[in-house]
Each structure stands twice: as structure tokens, then as C-alpha cells.
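Written below as C-alpha cells is the structure these notes are about.
Each residue takes its place number in the sequence, starting with 1.
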Amino acid sequence: MNASLSPSATAPLLFHWERPRPRRRAIVLFILGSLIAHALCFYVFQIVYPPTVALLPPPARVSLITADSEEGRSLLRWIEAEDPALAFATHRPPEARLRALPKLTHVPSYLTKEPILKQAPPPQVDLRPPSSNPSGPVPIVRRSAMPATGPIPTTVSFSNELETLGAPTLPTPKFAASNNTEAAQNVRFRVAVNSAGVVRYCFPLDAAGDPALDEQARNYLVLCRFPARAGEKEDESLVWGTALVEWGNDVARPPAPSKGNSP
């Protein structure tokens with residue numbers, strides 16, 4: 001049992017567990033060398049490369065050219081002669097003052113226009129107080145009443161192409177608007193008339209703003225009759241033109257709703 005447990009009989013270890021060698025001396029030497037190198041660098045840079053000194057700029061100097069010396073007077077005369085602003089400037093005469101009034105001769109007003117003499121007051125002045133009662137009635141001016149505007153009928157005018165056919169026979173106008181919102185606008189229609197004088201086609205080109213008036217104007221133009229053209233068959237040749245309906249004040253308006261019926 002004792003022979004099997006001896007150190008020589010045991011297997012070798014995987015790692016070497018020797019005690020580390022002392023390295024304190026090497027670390028101390030490195031630190032001392034670093035301090036000596038830093039001190040040497042500081043010494044070299046302070047002695048060899050002294051700090052730079054900031055130099056202030058020289059003070060500004062101003063030289064004045066005066067007329068005390070002959071050289072200064074010559075230089076001033078040359079500057080005045082070579083100044084381009086003086087060559088293009090307008091100089092006032094020496095005797096002229098700034099904002100001086102022109103020399104004018106005084107002419108009295110009574111020499112050009114004879115004054116009108118006023119009437120002398122009467123020698124005896126009436127010192128009585130004025131009367132509180134007027135001497136007469138104050139005239140009242142009344143404005144003349146404007147004449148009432150008469151009825152303006154609705155008119156229909158045709159273009160030159162349709163006027164050459166002769167005067168048309170128009171039905172009795174009877175138009176009624178569907179609302180009271182605004183005045184109706186004039187309406188134009190494209191009209192085709194056959195040889196018998198009958199309006200075969202009528203197309204609206206504009207709108208009056210009221211569909212009821214547009215339809216009534218179209219029906220009115222369809223009922224118009226022109227003189228027949230002899231020697232031509234009906235619907236063989238059509239004459240195209242335009243018709244303008246100008247509304248007057250004879251267009252009937254619907255009655256306004258009473259205020260009592262309003263909710």
C-alpha cells in the first residue's frame with residue numbers, strides 16, 4: 001500500500017504549477033526609465049525650443065498734409081487740380097447765396113387792376129333789433145314727380161336671313177315666370193323656316209334663367225308664320241337664322257307668399 005502511493009509512482013500533472021519568478025525588479029526599472037525619458041524631453045523642449053512671443057502690430061499713423069510748407073501747398077494744389085469730382089460738379093457763383101430769392105421789383109396790385117370802391121355806410125345807423133316775425137312765408141319747393149314707367153312689351157327680332165322672307169305673323173305674347181328671384185335674361189334661338197313659312201326647327205342657344213320662360217319662348221317662336229315662297233316645295237329648302245327674345249315688364253310674376261301662411 002505504501003509503495004503504490006509514493007511520489008515517484010504517481011502520474012505527472014497536466015499543468016506546471018511552479019511558483020512564479022519574482023519580476024518586481026524589472027517593473028521598477030521600466031518606471032524609472034520612463035521618468036528619466038520624460039524629464040529629458042521636458043528639458044530639451046524648454047531649452048532648445050523657447051516659447052514664441054506674440055508681437056503686437058505697429059500703431060497706426062496718420063500723416064496730415066497741411067499748407068505750412070511749400071511741399072504741402074504744392075501737393076494740395078495738385079490734388080485739387082486732379083480731382084475728377086470738381087470737373088463734373090456745377091459750381092454756383094461766389095456772389096450767389098444758398099436759397100437766395102431772386103431780385104424782383106415790387107409791383108403794387110392797384111397798378112394792374114383798379115380796385116372797386118365800396119359804398120359808404122349810411123350816416124344814420126338803424127339800431128332797432130330785428131323783428132322775430134318773418135316778413136313772409138318761406139317758399140316750399142316741391143320736386144316734380146317722376147313720370148311712371150309705362151309697360152315695356154316683350155319683343156322678338158330676327159336675323160337678316162329671316163328678315164328677307166318678309167314680316168312674320170306673331171301670336172299674342174303671353175308669358176308667365178315661375179319665380180320672383182331675378183330678372184330673366186334675353187334668349188336666342190336657332191330657327192329654320194321652310195318654303196311654306198312654318199318654323200320647322202327651333203333650338204335654344206342661351207338660357208333665360210327660368211326653364212318655364214325658355215319653353216314659352218320656344219313655343220312662341222314655333223307659332224310664328226312667315227310669308228310662303230312660291231315655286232318651292234315644302235321642306236325642300238330651309239332658311240336658317242337666329243331669333244332674339246328680349247323680355248319686357250309684361251311677363252307675369254307669381255304672387256308673393258303672404259307672411260301669415262309662413263310657419
Side-chain angles (χ1 to χ4, degrees), residues 109 112-116 130-263:
S109 60
T112 57
K113 184 178 180 181
E114 184 178 357
I116 301 176
S131 176
S132 59
N133 298 325
S135 57
V138 178
I140 299 176
V141 180
R142 299 183 182 275
R143 294 185 178 181
S144 59
M146 298 295 294
T149 306
I152 301 175
T154 301
T155 58
V156 179
S157 58
F158 297 93
S159 61
N160 296 332
E161 296 85 0
L162 300 178
E163 286 182 354
T164 56
L165 302 179
T169 303
L170 303 176
T172 304
K174 189 178 181 181
F175 302 100
S178 62
N179 53 55
N180 291 320
T181 55
E182 57 184 8
Q185 302 293 330
N186 297 335
V187 190
R188 288 190 310 151
F189 291 87
R190 187 70 174 175
V191 179
V193 182
N194 60 7
S195 59
V198 180
V199 177
R200 295 290 302 186
Y201 302 102
C202 184
F203 305 105
L205 300 178
D206 299 327
D210 190 347
L213 286 178
D214 294 341
E215 185 62 25
Q216 294 173 23
R218 181 183 177 278
N219 296 334
Y220 180 81
L221 292 176
V222 170
L223 297 177
C224 296
R225 294 295 180 267
F226 287 85
R229 299 191 297 275
E232 296 182 5
K233 295 182 180 181
E234 187 176 354
D235 296 342
E236 187 178 25
S237 62
L238 298 176
V239 178
W240 291 87
T242 57
L244 175 63
V245 180
E246 298 180 3
W247 304 106
N249 55 9
D250 58 344
V251 179
R253 298 287 178 177
S258 59
K259 297 182 180 179
N261 298 335
S262 60

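The aromatic rings of Trp240 and Phe203 lie parallel to each other, their planes meeting at an angle below 30°, with 60° marking the opposite boundary.
The CD atom of Glu246 lies 5.0 Å from the CG atom of Asn186; values are rounded to the nearest 0.5 Å. Once rounded to the nearest 0.5 Å, the distance linking CD of Glu161 with OG1 of Thr242 reads 6.5 Å. Here the CG atom belonging to Leu165 is positioned 11.5 Å from the CG atom belonging to Asn160, to the nearest 0.5 angstrom. How far CZ of Phe175 is from OG1 of Thr154: 5.5 Å, rounded to the nearest 0.5 Å. In this structure, CZ on Arg200 lies 8.0 Å from CG on Leu238, to the nearest 0.5 angstrom. The OG1 atom of Thr155 sits 7.5 Å away from the CG atom of Leu244 when rounded to the nearest 0.5 Å.
Closest of all the heavy-atom pairs between Ala217 and Trp247 is CB-CH2, 3.8 Å. Shortest non-hydrogen contact noted between Gly241 and Ser159 is CA-OG, 3.4 Å. Nearest heavy atoms, Lys174 versus Gln216: O-OE1, 4.0 Å. Nearest approach of Leu170 to Cys224, heavy atoms of both residues: CD2-SG, 3.2 Å. The nearest pair of heavy atoms linking Leu221 to Ala243 is CD1-CB, 3.9 Å. Summarising the geometry of Val187 relative to Ala207, their closest heavy-atom pair is CG2-C, 4.4 Å, with the distance given to 0.1 Å.
For the pair Pro171/Leu223, a side-chain contact is recorded, criterion being any heavy-atom separation below 4.5 Å from C-beta on.
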